[in-house]
Amino acid sequence: MNRWLFVAALLVALAAGDAVAQDVVYVKSRTAKIRADKSASADAKEVPAGTALKVLSKEDKYYQVQLPDGSQGWVFHVSVTDQKPDEGGGVLAGTGATSGITVAEASTSASIRGLKPMAEDYAKNKGISPKSVDGARKMEELSVSSKDVDAFLREGKLGEYAEVKK
Amino acid sequence: MSANRTILMLPLFLLSLAALLTGCESQQIGDFARDFSIATGQDPQKAANIGRIAAKTVEAGRAAFVPIAEPEEVAIGQSVALQAFERFGPYCNDPEVQRYVNLVGNAVAYTSDRPKLEYRFAVVESKELNAFAAPGGYIFITTGLLRAVKNEAELAGVLGHEIAHVSKKHALGVIQRSKVLTNLADAAATAMKQDPKTFAAAVDLVNEILFDKGLDRNLEYEADQIGTDFAHRVGYQASGLRDFCLTLKNVPGASTPSLLKTHPNPADRVAKLDGYLSKRLRPDPSALTLQARYQQGTRNLR
């Protein structure tokens with residue numbers, strides 16, 4: 001009998017967990033567009049990564065959401081996730097390890113990064129040719145912005161700009 | 001017979017031990033040794049010894065895991081990039097194709113499970129068909145591969161596969177579990193940037209994986225599936241990567257020596273992706289291949 005109670009409790013807990021997971025989603029991309037309507041051509045404002053959005057409904061490929069300031073709009077489903085920021089299933093998740101390599105440096109949010117001193121030293125110590133060092137620098141310098149990517153998606157009718165199937 | 005049973009039972013036994021490893025007590029080892037002994041017919045004392053060795057092995061493996069923060073991951077990726085240009089060829093001097101590949105790559109990366117990382121894509125001058133990813137979001141693709149790709153959906157699939165390696169931290173995971181960082185695990189204050197030898201050893205390990213040994217083949221199949229998902233989420237035809245693997249199957253092996261050395265056989269990849277696509281992703285006639293845009297973006301390579 002106890003076993004059945006346990007199974008019932010487990011099912012209730014799972015159902016509750018699922019409901020919570022669906023109530024709030026978080027902006028996954030660097031920014032997400034919150035639109036006035038569920039259409040890529042509707043007016044939009046951008047919200048940054050990690051913003052919590054309360055889900056009011058889901059239609060087609062859009063969530064109707066409420067922003068932290070109380071305003072409402074529609075967000076394309078690919079731009080959000082139900083996982084809280086930094087709670088993804090990466091290899092560090094759940095290890096509880098705090099020792100080892102942790103550097104309190106600024107994050108790599110700058111759009112143009114130079115070669116890090118460690119990589120510069122590596123190039124010197126390994127005798128990497130100037131041409132290859134130049135290649136790595138050029139690779140760093142070529143950065144496309146989220147606006148560029150958005151325009152690229154729009155031009156290709158990809159992502160939220162995909163044509164609605166009839 | 002009992003030796004065969006021992007061999008069959010050992011993985012199960014190790015798994016059970018690993019699951020219970022948090023604070024594994026000698027009592028637990030004793031219990032497992034008894035069960036193991038009954039199941040396999042082994043001498044109880046011998047079984048207890050196997051248990052102790054197994055517990056120590058699993059514990060040692062756990063202790064060797066050293067987390068690497070993103071700044072160090074990026075520094076490792078940059079250093080691998082230096083070796084990538086050294087080994088495969090120079091950075092392709094065509095701004096148009098470099099920008100185009102970065103746009104397709106970032107479009108796919110935004111839908112990935114690690115969208116906030118700043119991904120960098122580089123086209124490398126090489127006749128060899130190859131693409132590979134270093135930790136930190138550094139992804140390389142050769143001009144030879146771009147010439148063999150037919151459309152943007154295939155390119156998105158190939159880049160999706162590489163992005164999956166980065167987002168799942170496949171190569172980084174190998175370093176984190178390797179012995180090259182064991183000394184650092186015991187000295188929390190020692191950051192890798194103060195220890196160039198350890199840093200170089202970590203980079204060389206990634207080089208060895210990417211250019212010589214390859215990752216575990218199952219991780220390659222996983223990257224095929226996840227990469228296919230990423231590209232499909234953007235709106236590309238889901239068979240892009242599968243179609244390109246079919247091309248790989250038919251090109252002479254001489255054009256793909258590094259890729260074949262480090263990846264599963266293309267025919268096996270096609271077969272696995274066919275199975276995945278038929279089970280998981282419904283055919284979508286409106287999904288795009290964008291062949292004309294691909295031709296335009298890579299026109300200087302022809």
Side-chain angles (χ1 to χ4, degrees), chain A residues 28-30 49-50 78-79 81 83 85 88-92 95 97-103 105-111 113 115-119 121-123 125-126 128-129 131-136 138-140 142-144 146 148-149 151-153 155-159 161-163 165, chain B residues 65-72 74-76 78-79 81-86 90-91 95 98-99 102-104 106-107 110-111 113-118 120-122 124 136 138 152 168-169 172-173 176 181 184-188 191-193 196 199-200 203 233-236 286 288 290 293:
Chain A
K28 189 175 86 166
S29 318
R30 282 181 227 165
V78 167
S79 308
T81 172
Q83 286 190 327
V91 285
L92 298 183
T95 61
T98 51
S99 65
I101 302 154
T102 48
V103 176
E105 282 184 4
S107 72
T108 56
S109 58
S111 59
R113 308 175 295 208
L115 286 188
K116 286 182 173 281
M118 283 190 277
D121 288 346
Y122 181 85
N125 295 337
K126 293 280 179 177
I128 303 287
S129 69
K131 203 172 184 181
S132 295
V133 175
D134 185 51
K138 283 182 176 158
M139 188 177 190
E140 279 299 330
L142 179 55
S143 162
V144 293
S146 50
D148 292 336
V149 177
F152 187 74
L153 290 170
E155 181 197 83
K157 296 189 171 69
L158 291 163
Y161 302 102
E163 283 175 349
K165 280 169 260 175
Chain B
F65 185 94
V66 179
I68 295 177
E70 197 170 295
E72 282 77 16
V74 167
I76 291 170
Q78 287 182 339
S79 304
L82 293 163
Q83 288 285 8
F85 293 119
E86 203 77 351
Y91 184 87
Q98 294 286 4
R99 182 172 165 77
N102 271 273
L103 284 167
V104 176
N106 274 287
Y110 279 13
T111 73
D113 297 333
R114 209 180 165 193
K116 282 184 273 177
L117 186 70
E118 293 208 20
R120 295 287 196 270
F121 301 84
V124 178
Y138 291 84
E152 197 172 298
K168 290 286 167 195
K169 300 185 178 177
L172 194 73
Q176 289 178 139
L181 301 183
L184 289 185
D186 297 326
M192 194 154 44
K193 66 179 177 184
F199 178 75
V203 174
R233 275 188 217 164
V234 188
Y236 290 109
S286 71
L288 302 168
L290 298 181
R293 186 158 79 171

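The structure presented is a predicted model; accordingly, all values stated were derived computationally and were not measured. Each chain gets a letter, A, B and so on, in the order its sequence line appears, and its residues count up from 1. Side chains are part of it too, since the values below use all heavy atoms of this structure and drop only hydrogens, waters and symmetry mates.
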Item to check | Donor-acceptor contact present, side-chain B:Gln78 to main-chain A:Lys116, <3.5 Å | outcome: yes
Item to check | Heavy-atom pair with the smallest gap, counting every atom of B:Arg99 and A:Val144 | outcome: NH1-CG1, 3.7 Å
Checklist entry - Contact part of A:Ser146 toward chain B, heavy-atom cut-off under 4.5 Å: side chain, backbone, both or neither? => result both
Checklist entry - To the nearest 0.5 Å, what is the distance between CD1 (A:Ile128) and CZ (B:Phe85)? => result 11.0 Å
Next on the checklist: Tell me which of these, B:Arg114, B:Glu152, B:Gln83, has more heavy-atom pairs under 4.5 Å with chain A than the rest.
Outcome noted: B:Gln83
Checklist entry - Under 3.5 Å, is there a donor-acceptor pair between the side chain of A:Lys138 and the main chain of B:Tyr91? => result no
Checklist entry - Is the shortest heavy-atom distance from the side chain of A:Phe152 to the side chain of B:Val104 under 4.5 Å? => result yes
Checklist entry - So, B:Glu86 and A:Lys126, do they make that salt bridge, N to O below 4.0 Å? => result no
Item to check | Contact summary for A:Met139 and B:Phe121, nearest pair of heavy atoms | outcome: CE-C, 4.1 Å
Item to check | Heavy-atom pair with the smallest gap, counting every atom of A:Ser132 and B:Leu82 | outcome: CB-O, 3.7 Å
Checklist entry - Got a second to check how far A:Thr81's OG1 is from B:Asp113's CG, nearest 0.5 Å? => result 8.0 Å
Checklist outcome for this item: Smallest heavy-atom separation, A:Gly156 atom then B:Leu288 atom, equals O-CD1, 3.1 Å
Checklist entry - What heavy-atom pair brings B:Ala75 and A:Ala119 nearest, and what distance separates the two atoms? => result O-CB, 4.1 Å
Next on the checklist: Heavy-atom cut-off 4.5 Å, strictly under: side chain, backbone, both or neither for A:Lys131 against chain B?
Outcome noted: side chain
Checklist entry - Non-hydrogen atoms of chain A under 4.5 Å away: do they reach the side chain of B:Arg293, the backbone, both or neither? => result side chain
Item to check | chain A interface, residue from B:Gly235, B:Pro115, B:Pro90 that has the most non-hydrogen pairs under 4.5 Å | outcome: B:Pro115
Next on the checklist: Can you confirm whether A:Leu158 sits close enough to B:Leu290 that some side-chain heavy atom of one is under 4.5 Å from a side-chain heavy atom of the other?
Outcome noted: yes
Checklist entry - How far does CD of A:Glu140 sit from CD of B:Glu118, to the nearest 0.5 angstrom? => result 9.0 Å
